[in-house]
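Scroll down for the structure; my scribbles are underneath it.
Residue numbers start at 1 and run along the sequence shown. Because only heavy atoms are used, hydrogens play no part in the values below, and waters and symmetry mates are left out as well, while side chains stay in.
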Amino acid sequence: PNLIEVRRLQADVELANFRVAEAGKIIEATLPLRPNDERLLGRLAACEFLTSGKSDEFKDICTSVESRNSACGAFYESLALALNDRQRFE
């Protein structure tokens, strides 16, 4: 389905089951539907961080979100919740 919320939930289920790559694929497939969705981008940044650490792609996602919205609380909340669930703090 093309419902953003359903796709976001599917990605959350994959993240909860430690399948970060699969969650990233779901999010990347969903982004064309709403490319500026901060909650999706936060989860994508979390997937990137969990797979590659503080890579250039992770930094690029953060920079692009901040350039569109300097008060991007939904992005950072989504990122923090995903990392908190995996107990990754750096």
Side-chain angles (χ1 to χ4, degrees):
N2 289 333
L3 294 172
I4 302 295
E5 293 78 14
V6 171
R7 298 275 183 99
R8 200 180 301 140
L9 182 60
Q10 289 173 335
D12 287 344
V13 168
E14 296 298 332
L15 281 170
N17 287 310
F18 304 101
R19 294 191 295 251
V20 178
E22 290 84 354
K25 289 176 187 176
I26 292 170
I27 295 167
E28 287 175 354
T30 307
L31 275 175
L33 300 174
R34 196 180 299 162
N36 296 329
D37 187 308
E38 290 184 7
R39 288 183 171 84
L40 279 176
L41 291 167
R43 285 169 175 80
L44 182 62
C47 290
E48 186 60 35
F49 183 84
L50 291 169
T51 56
S52 304
K54 293 182 182 176
S55 66
D56 288 337
E57 188 170 339
F58 171 78
K59 293 175 185 175
D60 290 343
I61 294 169
C62 294
T63 303
S64 71
V65 171
E66 289 173 357
S67 69
R68 283 192 300 272
N69 180 7
S70 61
C72 49
F75 169 77
Y76 283 112
E77 177 189 30
S78 181
L79 172 61
L81 289 173
L83 294 178
N84 183 48
D85 290 343
R86 295 294 305 267
Q87 296 295 305
R88 290 290 302 265
F89 309 106
E90 291 181 24

Salt bridge (charged side-chain N to carboxylate O under 4.0 Å, His left out) with Glu38: which residues, sequence neighbours excluded? none
Using the side-chain contact (heavy atoms from CB on, under 4.5 Å) rule, take Leu79 and Phe58 through it: C-alpha gap first, then chi angles, then the decisive distance, then the call. CA-CA 11 Å; Leu79 172 61; Phe58 171 78; 4.2 Å; yes
Shortest non-hydrogen pair, Gly24 vs Cys47, comes out as N-SG, 3.7 Å
Rounded to the nearest 0.5 Å, how far does CG of Leu9 lie from CD1 of Ile26? 9.5 Å
Donor-acceptor pair, side chain of Thr51 and main chain of Glu48, under 3.5 angstrom: yes
Hey, mind stepping through Ile27 and Leu41 against side-chain contact (heavy atoms from CB on, under 4.5 Å) and telling me if it holds? CA-CA 8 Å; Ile27 295 167; Leu41 291 167; over 6 Å; no
How long is the gap from CD on Glu57 to CZ on Phe49, to the nearest 0.5 Å? 14.0 Å
Correct closest heavy-atom pair for Pro32 and Ala29 would be CD-O, 3.4 Å
Which atoms form the tightest heavy-atom contact between Cys62 and Phe75, and what is the distance? SG-CZ, 3.8 Å
Could you tell me which non-hydrogen atom of Ala23 sits nearest to which non-hydrogen atom of Leu15, and how far apart they are? CB-CG, 3.7 Å
Is there a path from Val13 to Leu83 through hydrophobic residues (I, L, V, M, F, W, Y) whose side chains come within less than 4.5 Å of each other? no
Given 3.5 Å as the limit, does a donor-acceptor pair link the side chain of Ser67 with the main chain of Ser64, or not? yes
Let me see the working for Arg43 and Asp12 under side-chain contact (heavy atoms from CB on, under 4.5 Å), right down to the final yes or no. CA-CA 8 Å; Arg43 285 169 175 80; Asp12 287 344; 2.7 Å; yes
So, Ser78 and Arg39: side-chain donor and acceptor under 3.5 Å apart, yes or no? no
With sequence neighbours excluded, residues passing side-chain hydrogen bond (donor to acceptor under 3.5 Å, both in side chains) with Glu66: Tyr76
Looking at OG1 of Thr30 and CD of Glu5, how far apart are the two atoms once the value is rounded to the nearest 0.5 Å? 10.5 Å
With respect to Leu31, which candidate in Ile4, Leu44, Asn36 satisfies the side chain to side chain contact (heavy atoms under 4.5 Å, CB included) definition? Leu44
Take Asp37 and Arg8 through the side-chain contact (heavy atoms from CB on, under 4.5 Å) test and state the conclusion after the steps. CA-CA 11 Å; Asp37 187 308; Arg8 200 180 301 140; 3.1 Å; yes
